[in-house]
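These notes are about the structure you will find just below.
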Number of protein chains: 2
Amino acid sequence: MSEKYAVIGKSVPKIDGRVKVTGQAKYTGDLKFPNMLVGKILTSPHAHARILSIDTSQAEKLPGVKAVITHRDVPALKYGISPARWDENIFCIDRVRFVGDKVAAVAAIDEETVYKALKLIKVEYEVLPAVFDPVAAMQEGAPQIHDEYPRNINTEIHQNFGDVEKAFAAAHHVRTDQFTGQRTYQSPIEPHSAISIWEDGKLTVYTSTQSPHYFQYYIAREFGLKMGDVRVVKPFVGGGFGGKLEPTGLEFAGAVLSRLTGRPVKMFYDRHEMFAHNRGRHRQIMKITTGVDKDGKILGVHADFIMDGGAYTSLGIATAYYAGAMLPLTYEFENYKFDMYRVYTNLPACGAQRGHGAPQPRYAFECHLDMLAEDLGMDPLELRLRNARRPDTVTPNEFKINSCELKACIEKVREISGWDKKKGKLPHGRGIGIAVGSFVSGAGYPIYRTNLPHSAAMIKVHEDGSAATLYTGAVDIGQGTDTVLCQMAAEAMGYTYEHMKIVAADTETTPHDFGAYSSRQTLMSGAAVKQAGEEVKRQILETAAAMLDIDVSTLDCREGVVFCQSNPEIQKTFAEVAREFFVRKGPLVGRGSYAPPKLGGKFKGAAVGTSPAYSFAAQVSEVAIDEETGEIDVKAVWDVHDCGTVINPALLHAQVHGALFMGMGEAVWEEVVFDEQGRIKNANLSEYRLPTALDMPEITSQLVESCEPDAPWGVKEVGEGATIPTMGCYSNAIYDAMGVRVYSLPLSYEKVWRALKEKREKEAGGG
Amino acid sequence: MSEKYAVIGKSVPKIDGRVKVTGQAKYTGDLKFPNMLVGKILTSPHAHARILSIDTSQAEKLPGVKAVITHRDVPALKYGISPARWDENIFCIDRVRFVGDKVAAVAAIDEETVYKALKLIKVEYEVLPAVFDPVAAMQEGAPQIHDEYPRNINTEIHQNFGDVEKAFAAAHHVRTDQFTGQRTYQSPIEPHSAISIWEDGKLTVYTSTQSPHYFQYYIAREFGLKMGDVRVVKPFVGGGFGGKLEPTGLEFAGAVLSRLTGRPVKMFYDRHEMFAHNRGRHRQIMKITTGVDKDGKILGVHADFIMDGGAYTSLGIATAYYAGAMLPLTYEFENYKFDMYRVYTNLPACGAQRGHGAPQPRYAFECHLDMLAEDLGMDPLELRLRNARRPDTVTPNEFKINSCELKACIEKVREISGWDKKKGKLPHGRGIGIAVGSFVSGAGYPIYRTNLPHSAAMIKVHEDGSAATLYTGAVDIGQGTDTVLCQMAAEAMGYTYEHMKIVAADTETTPHDFGAYSSRQTLMSGAAVKQAGEEVKRQILETAAAMLDIDVSTLDCREGVVFCQSNPEIQKTFAEVAREFFVRKGPLVGRGSYAPPKLGGKFKGAAVGTSPAYSFAAQVSEVAIDEETGEIDVKAVWDVHDCGTVINPALLHAQVHGALFMGMGEAVWEEVVFDEQGRIKNANLSEYRLPTALDMPEITSQLVESCEPDAPWGVKEVGEGATIPTMGCYSNAIYDAMGVRVYSLPLSYEKVWRALKEKREKEAGGG
């Protein structure tokens, strides 16, 4: 018992590993209910059009069709996940706003009939002019997408901390660069599906969700039901990455179809539809101006951004704020200005994707810093070290940073990547780049229902102590939360991980939890689980003290053994004490909950980006560029992460690997491409190019552990943070290799090739 | 709020009514798992034989067969539900003991392959002499079925309370009669099935069970697993009636097949197999001697019984004790002798069936009492009234009776049936009869693990108070427990039934409960639920007091409203208080448990029949007999029940109707019939004649409420008690109609016709 912790800090096997690899795990699409119907949504073929008429009569007559619904059959109450901007209807009433907008839905006895029926619905449209670019959409005279929002501005942010103009005036050097991101799609392996069962005025929804409790709230609100009359059950989920945090049309349409038919209705999006409905990453146009002193110390930053929001708000208000709020986390400077326009266009709505608003701005900023370093004749790693944030500091936008080992991360990545021997010294065609990043460990404020605990947990010990069940509303979407929370429960209880069971998540049986987003669960759900486990432990120790006739303060419990700290030979097993507790007092239950302390500033939007804790990462990548083709061959990536105390090292490094995989895809290949009518050209996984395992570079993932003061055992985020530096890191490595910079994502082979061609032509012209 | 109770005492709709009638409810047989195999058991075609060899090689070679197992592949540890007599093996090792005994099992990809494979298993038998009658089986030289039990005596009971011989000597009149019962089968609508999933050394079993926690214990014991590593989940159950209390071969064989194949295995009994494996009612041969004084006061009773146990013990030891223990519940007398032999035969094992050991002895006793009354020239109802048990008395076998309204029940049934105008006064061919009964409200001691609480419960309130979930291991097998327990929870919490949810039952997520047997759940599970509900209420009132800044003792809560008792205008809703509790303290959880007080005497077997409470019933039936055919037409039945406080009148009367239905079937039609080789001749529901709805007489079910002192709200049993008087009641009515008595069950048309013929011949001969 020399180790500090008995259960956490160990790479125990995933609690659901076996059922997943053997195919036992049931996802929503695997579920079947008696008399279940299949439902599908009819969507708009036009990017912008007025609905003149909808004729469902032919579809209704098709044998096997049980219900056809349009806006006439559903509540007109607008919804959306952001209470500040509810702008969606279950079905469009008078106007469609993107190719894929929801117009009607059918429930029928099988898929074949559903698809036939969809074709029989006659919708008469008057096509309207559409706009697909946010800058164009902001011009006077552009097509108006929502009447309430002049110039199509969905969200407008103007924040000013300190005095940027004064800082620039005093600077040794000021430069401005502009970069453009791209629209990407989360590509979860499991497409979204939902089964709705409405009976007796109560609604049960099995759905692929990142947050059953959010879904419950929004569904109940839309239909005027009490929350207790809406049950949301999460089966296994095959990936979310931000796309499964808000109810889609599937839950709303499915609920109405079930109510009308009295039968369960399964709705699903195929892969093609997922691209239009999964609310992928916003494309941002990012202009950044930075002023530095002669030593490279950052004096002020102005971030001036525009983002393409698509046709609806989704989570985009938060994305817009995050885009600016996260930039100052990594570097210490006092003057910061952030301007943002999130603009409606006639494209599918954008929402949250791993890293939320942060990765594209971080890409822009990290490229920009390398350019500044070059201007100053300074090593870009050195520039970062000089500015890197230290612990116990406050950002210009008033976020309190507690633990922070960013400097140590940079030093370590310098060492393990061989930076000093490589930077500027590799042969032509080969280069190395650095970038850093930071991310929240949970949002300081939830999107809605602000005064509730963010997480709660309950643990029940089996009456003979041979198992304990953790009830949590936290959501494992593949990242390993179930495993991590069971480790935490066992640690707090003094119990064994191997005997933990978990129920997660079902709004009817598991306590409230906001779910999987903003990398919140290890800290927030973990804090609730720890408290519940400690309540179990207290009861175990009290009972053991009574059994042993000994002072309770002398006892402790670890890995299923209660022992006297001064005389470890005095022992009882957890199991026998649990059984005795049950005999004396009935079920042994522990409860816990977590609400973050008061955080952040008082300015408008201060809530977005506040977190009880921030993690930090420094990343270096080495690339080889084919001068003939522009092909980017990533040779190696080194990631050093400060993510607080590590609960499960294997899962942590797997998260880093996954984040780098996603970052690599977004950096080099991924982009949702539209044609001139606003139709997605590559809405499938053969033309939308995700990296595969074969594309992965050699990855070295290392840690600088810190201990976050107000977090359970000192934990912080890891799930999203490692995605953030990757794009800038690659761009900087490409520049180091070839002396060319690509100003837009993805950094495709073609763009690199064109940049090389341009450089050659310029050099030839200049020579 | 003038009514005493807000939620209990009302006929609220069944909580699972809707899902059942719409076909949404999933029973074990409805469940499917990926890669699931189908398993079946090969059984013995001989009633008694030595196994010489088993050759599974041909079966193993059949494509699609994944495993074939025999006794060589399974633990040799004997099992059984009665720890006093473990005499079964998963598969027979050297000998088969009845037609249907388990020899081998196959798992294959589908049913067709399984059945083909079963035929390919070659078993060589040496047929041994068999014995099918318990009296014959006790003779010297009878075939020995289990080597350890000479004369095939499985259980022998000799109890002597007071001095029966002395009582008989002092009696005005003594008579002896002998009656014989029959073997019946419970006929649940859902045949037994089980799905076993063994992985990672842990076993999950979905099964149609009356007690997940019993199953968990016995399965864990058999395989040497920790209980926490065995999870038993109860889907919806379509009837049990005693037959689903013990694990069958399905769970054991399925577990091994799953372990060997690494795949889920579904096992099932078809209807034919159910007859051999469901452990139906014991056939009893019952000699009763009673001595009375000249006023009809019972002075002593001697019950001398033999029962056919079939090939194994099952629950039969308890049955044997119950048969004698229940007789003195209804009448006050001091001298009682009980002798019983439960005997092994080469027939399927018998176990528990609604009423357990009590209905057949009660039939015998109530017929016998009518004959005594006739001997004395006394109205049989009057005889019963004179002897009827009063409250706060103790039986000769030392059971403490608290509440008891048997006299009032008899008086009431006399009144509503028009007894005084009918008895002996109806036209020839028409008659009226009376019988009474009594039953336990849960067993004072469980079958195993004696020092545990018998029931435990947990309630979690949804964070906004709009729902509350009850977690209970109690088992609804159709009788309505889920509904009744939710009513009790709501009453105790001061909450609304409509917003209750229930999780029941799953050993991993619901607290320990012994399950559905001995009519225990309303009292015992109910007591645990009440305590859990009261813990919730206490926390609600404390929080409300803090919110209102008022003394907590002034507050109460009822149907979702917290109010000041002295000033009901001071109010908060339960929901808003619950939400506030969640914000302040996290999950609102209540816990409860129940263990009965010390009960009963110290003599051997005293544990069987002790209960915290006993219910009582008086029944009158009116019949019309067709003299030509012997056909019995039951015109009407009046049942008056003292079952304590009623939680749900509609469900209570439904239980009475169901019990009378079952009693009627057993009285007139039902009997499992064997051929000379010990094979069941009528193992199907067309030849084994259950009554149908069309056969049901007009039923009047009324109550005399009592209040049981140590039970939650004063509840007692109703599920089994009403089955008990029916057979004797019919027999007495037939006698009143025709002057003939049938001494064996069922009171078939043929037997009545033969008795009438015999009577006519005797009268003709005598005349």
Inset, instruction - Just give me the residue among A:Ala457, A:Ala468, A:Ser466, A:Pro511 that pairs up with chain B most often, heavy atom to heavy atom, under 4.5 Å. - result: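 Option with the greatest count: A:Ser466.
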
Inset, instruction - With a 4.5 Å cut-off on heavy-atom pairs, point out which of A:Asp229, A:Thr22, A:Thr507, A:Thr469 contacts chain B the most. - result: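 Highest number of pairs under 4.5 Å: A:Thr469.
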
Any side-chain to backbone donor/acceptor pair from [X] onto [Y]? Under 3.5 Å, distance only.
{"X": "B:Lys460", "Y": "A:Thr509", "answer": "no"}
{"X": "A:Arg18", "Y": "B:Glu199", "answer": "no"}
{"X": "A:Glu559", "Y": "A:Val7", "answer": "no"}
{"X": "B:Arg263", "Y": "B:Asn35", "answer": "yes"}

Does any backbone or side-chain atom of [X] lie under 4.5 Å from a heavy atom of chain B? Answer side chain, backbone, both or neither.
{"X": "A:Lys585", "answer": "backbone"}
{"X": "A:Val461", "answer": "neither"}
{"X": "A:Ser455", "answer": "neither"}
{"X": "A:Val503", "answer": "side chain"}
{"X": "A:Thr204", "answer": "neither"}
{"X": "A:Lys501", "answer": "both"}
{"X": "A:Asp200", "answer": "both"}
{"X": "A:Asp30", "answer": "neither"}

Interface residue of largest heavy-atom contact number with chain A, from [options], under 4.5 Å:
{"options": "B:Ala532, B:Ser593, B:Gly586, B:Pro34", "result": "B:Pro34"}
{"options": "B:Gly262, B:Ala575, B:Pro264, B:Ala595", "result": "B:Pro264"}
{"options": "B:Arg584, B:Lys26, B:Lys226, B:Glu508", "result": "B:Glu508"}

Relative to the ring of [Y], is the ring of [X] parallel (under 30°), tilted (30 to 60°) or perpendicular (over 60°)?
{"X": "B:Phe514", "Y": "B:His454", "result": "perpendicular"}
{"X": "B:His213", "Y": "A:His462", "result": "tilted"}
{"X": "B:Tyr471", "Y": "A:Tyr471", "result": "perpendicular"}

Legend entry - B:Thr472 and B:Thr510: CA distance, side-chain angles, deciding distance, side chain to side chain contact (heavy atoms under 4.5 Å, CB included) verdict: CA-CA 5 Å; B:Thr472 168; B:Thr510 58; 5.7 Å; no

Inset, instruction - Taking only Lys NZ, Arg NE, NH1 and NH2, and the carboxylate oxygens of Asp or Glu, determine whether B:Glu534 and B:Lys530 approach each other closer than 4.0 Å. - result: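 Looking at B:Glu534 and B:Lys530, the cut-off is met.
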
Inset, instruction - Check whether B:Tyr594 gets within reach of chain A through its side chain, its backbone, both or neither, counting any heavy atom under 4.5 Å. - result: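 Answer is neither: B:Tyr594 stays 4.5 Å or more from chain A.
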
